[in-house]
Each structure stands twice: as C-alpha cells, then as structure tokens.
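All residue numbers refer to positions in the sequence shown, counting from 1.
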Amino acid sequence: MDLWGNATGERRDAGKPLKWEQSFLRVAKVLLSMVLMLLAPPTVNAQNDTEPIVLEGKCLVVCDSNPSSDGAITSSLGISVRSGSAKVAFSAIRNTNHEPSEMSNRTMTIYFDQVLVNIGNHFDLASSAFVAPRKGIYSFSFHVVKVYNRQTIQVSLMQNNYPVISAFAGDQDVTREAASNGVLLHMERADKVHLRLDRGNLMGGWKYSTFSGFLVFPL
C-alpha cells in the first residue's frame, strides 16, 4: 500500500522500512540539517573591538565599520552596541609649586603639570580640563593642597563653568592641608570639567595636588 492506501505490490518484511520510507527519512534528515544551519548563530569576526552581546545564553557579535559619533556601533540589524574598548580615564598631578600667571589670576583655574594616566586622551594638560567624549556617568575626585597657614582655600569642580561641588581647607594652624571631594556626574558629549580656586591664594600652592576621573558607564 502507498501513502493513500493503494496497493503497490511491494512486500514489507517485518521491522524493515519500505523504499519510499527510506527516501522520506533521507529527505527529512537533509531538511532538518538545513533548518539547524539557518538557526545556528553565524560566526562573525569582530571589528572595532566590539564586545559580544549575550542574549538568552547565546553569544551574538554585531559589527559595523562606521561607529557613531558617541562611540556606539549600529549594525545593519538596527542594534546599537557600545564598544568595549572605549575606556576613558585620567589622573593629573602637580609636581611643582604654582607661580600665578596672568591667565591663572584671571580664570582662577587650577593647573596641573604632569599626567599620570590619560586613556583616550580626553584630558588637556594645557587647560587642565577634561572633555567628555560621550554621554555617560563619570566619576571625579580631587585633592588640592594649600601652602600657607592662616588662610582658607575653597576649590570647586566646574562642569561647563558651573560649580557642582566644593571643598574647603582652612585650619589656621596647619601649613600643608588639602581640600578634597568626589562626585558622580551625568555628562553629555563635549561637556567640560575643571577645577577652580574660589577662595585663597594661588602663590606657591598646589604641589602634590591631584585631579582624577573616569567613565563609569556610557548611556
């Protein structure tokens, strides 16, 4: 009998499939293999050091040779991926006592003269300012040393020329004292951060002072 119950004249031995059954099984195996190949995640060579995305236990790497301006990578599938290599961090110090210049007297900017870490090169030593390369949450800390006793200094961390946090050092009996503080900031791309001396004397100060920051995570 065939599939429709018609007589075919083909005898069936006990436990042995008929020829049409064998052919059907072979075709089914081929189709199943093709379906599995289509469902399997493709192997893609990562570009731009893109980190893999883990979705429900499967690893998918999405690549694009044209990253967007904020560091995100958008694939042809419409998936935006942040590059794992886009690390941002800096740490600057003051090795010598500061001698005030016309610029520092006018801007009251606290300048640094040595960079220990500048991953991404987003801290400019000449202006002693950090410019955010992308939107995200950033961490900043500072430690500014005063020289003279009997004076009080006030240091402010400025975001786009607006004071966000401040710190004071005003012990009249201590010569070397530091104003220290730290903060997390939500920053947009191209936002600028620097330190400003709001109170105190620039002369001879700041040696051993530090200013550091890093990208916590992008948004």
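Atom CG of residue L219 and atom NE2 of residue H186 lie 5.0 Å apart, to the nearest 0.5 angstrom. One finds the OG atom of S156 at 10.5 Å from the OH atom of Y162 (value rounded to the nearest 0.5 Å). Taken from CD1 in I153 to OG in S166, the straight-line distance is 11.5 Å, to the nearest 0.5 Å. To the nearest 0.5 Å, atom CD of residue Q159 and atom CD of residue E188 are 9.0 Å apart.
The hydrophobic clustering, which links ILVMFWY residues whose side-chain heavy atoms are closer than 4.5 Å, places V216 and V117 apart. The hydrophobic cluster containing L116 does not contain Y111, counting ILVMFWY residues as joined when their side-chain heavy atoms lie under 4.5 angstrom apart, directly or transitively. Under a hydrophobic clustering in which Ile, Leu, Val, Met, Phe, Trp and Tyr are joined whenever their side-chain heavy atoms come within less than 4.5 Å, directly or via other members, V131 and L195 fall into different clusters. V88 and V183 end up in the same hydrophobic cluster when Ile, Leu, Val, Met, Phe, Trp and Tyr side chains are linked at under 4.5 Å. A single hydrophobic cluster is seen to contain both L185 and I110, as judged by linkage of ILVMFWY side chains at heavy-atom distances under 4.5 Å, directly or through other members.
Looking at heavy atoms from C-beta onward, S141 lies out of side-chain contact with F211 at the 4.5 angstrom threshold. Taking the side chain as every heavy atom from C-beta outward, H194 and N161 approach each other to under 4.5 Å. Proximity of T109 to R196: side-chain heavy atoms (C-beta onward) are nowhere separated by under 4.5 Å. The closest side-chain heavy-atom distance from L197 to V155 is below 4.5 Å. The shortest distance between side-chain heavy atoms of N160 and K192 falls below 4.5 Å.
Between F90 and the options Y138, F130, F142, a ring pair (Phe, Tyr, Trp, His ring centres under 6.0 Å) holds for only F130.
Side-chain atoms of D113 come within 3.5 Å of backbone atoms of N95 as a donor-acceptor pair (strictly under, hydrogens ignored). At distances below 3.5 Å, not a single donor-acceptor pair connects side-chain atoms of N181 with backbone N or O atoms of A167.
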- Could you go through the side chain to side chain contact (heavy atoms under 4.5 Å, CB included) check for F214 and I119 one step at a time? CA-CA 9 Å; F214 60 92; I119 299 175; over 6 Å; no

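The minimum heavy-atom distance linking F123 with N118 is given by the pair O-ND2, 3.0 Å. Of all non-hydrogen atoms in M187 and V193, the two that sit nearest each other are CE-CG2, 3.5 Å.
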